[in-house]
Amino acid sequence: MKTFAIIALVGVASLALYSMAPSVESGVETQFQEFLATYGQNYGTTEEYNYRLGVFKANLESIAEMNKEEGVEFGVNEFADQTPQEFAVRFGFKQPVGTKKSTATHIKAVEGENINWSDMWTDVKNQGACGSCWAFSAAAAFESRYQLAHGETNTDKLYSEQELVDCEPQSDGCEGGLMDFAFEYLIDSAFCTEQQYPYTARDESCKVTKCAGGPNDAGFTDVPEKDEQALVDELMSGPVAVAVDASRWQFYRKGIFSTCNDNLNHGVTLVAVNFDEESLTIRNSWGKSWGENGHIRLALNKNTCGVAEAASVPTF
Ligand SMILES: *[C@@H]1O[C@H](CO)[C@@H](O)[C@H](O)[C@H]1NC(C)=O
């Protein structure tokens, strides 16, 4: 990989000279070479290289198109050589029809008072190419609310998404699942820490017995559907597991995102509301180089990306 990066850098240098000629194609390939060097990406064959260059070019075009929108910015990131279809393996939020609901406690938010829980973690996590977003969403809500229930406001106690992927029986591991199923599973099953049960981004067999003595929850409450005020109210007591339509998020870089459908396909965590700039902040699980240090801001009061449609919290 290192050798390749050096070769790629030399390639970038020579291509940079070459691209003095005003050719759009070589300009794209220069950017592609820069992308490969930055992310240490490498392909086995010339066919694969050419195919990925084509994908990269198509992505540059959709990034340029999306950047016509004001107030939000999209750009090349580590996912720039993946087609939208390939990227979509991460979208593992699957809500079965007729899933049972429970009602939320409704704590009235103080009008105009901002809240921001993002500092409860030192880093965002990375689900990799596995549809385990639901497990990351559930673990983040559990980690933060468990700490808050015990009077602590920062959490370096991180829990195991892999346990949920391997052991939670109603969800489908890397093929998708539901945060409420995870909270239900954690009523009777001790939650392992990440160290005890590390993340592999693959479906594996359940190895949970070694974590006896870990914490449980008491179940979950669902926030009333399409009621963004209730969602913000729920945020006052801690982060909230939410489902969103993340179909247009692949190249998000910064700003307040607002153009979205609501075909829920991704589980994430709501961590902040800011009434001055009218935003909700979402903590994602695609690493910290994506978006704003791993987060995305959504326009407030518009049910942006369906954020208020399937929100819930674990109870203790
Ligand atoms: C929340 O806190 C983080 C970390 O301190 C900060 O970077 C971010 O801008 C804050 N978000 C809002 C919406 O105020």
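Basis for what follows: all heavy atoms, side chains included, without hydrogens, waters or symmetry-related copies. In each ligand, atom 1 is the first atom listed, and ligand 1 is the first ligand listed.
Distance check on atom 7 (O) of ligand 1: every protein heavy atom falls at or beyond the 4.0 Å cut-off. Within the 4.0 angstrom cut-off, atom 11 (N) of ligand 1 has one or more protein heavy-atom neighbours.
For ligand 1, the polar-atom distance check against N116 finds a nitrogen or oxygen pair separated by under 3.5 Å. The N/O atoms of R297, backbone and side chain alike, include none that comes under 3.5 Å of an N/O atom in ligand 1.
F91 and F87 have perpendicular rings, their planes meeting at more than 60° on a 0 to 90° scale where under 30° would count as parallel.
Atom-to-atom distance recorded for K302:NZ and S258:OG is 5.0 Å, nearest 0.5 angstrom. Considering CD1 of I282 and NE2 of H295, their distance stands at 9.5 Å, rounded to 0.5 Å.
Side-chain atoms of R248 come within 3.5 Å of backbone atoms of T259 as a donor-acceptor pair (strictly under, hydrogens ignored). Not a single donor-acceptor pair under 3.5 Å links the side chain of N77 to the backbone N or O of S289.
Every atom of ligand 1 is numbered from 1 in the order shown, and the set under 4.0 Å from a heavy atom of T281 is 13 (C). Against a heavy-atom cut-off of under 4.0 Å, N274 is close to the following atoms of ligand 1: 13 (C), 14 (O). Against a heavy-atom cut-off of under 4.0 Å, D119 is close to the following atoms of ligand 1: 4 (C), 5 (O).
In this view, D203 satisfies the salt bridge (Lys or Arg N to Asp or Glu O under 4.0 Å) rule with no residue, not counting sequence neighbours.
When only non-hydrogen protein atoms are considered, atom 3 (C) of ligand 1 lies nearest to S118 OG, 3.3 Å.
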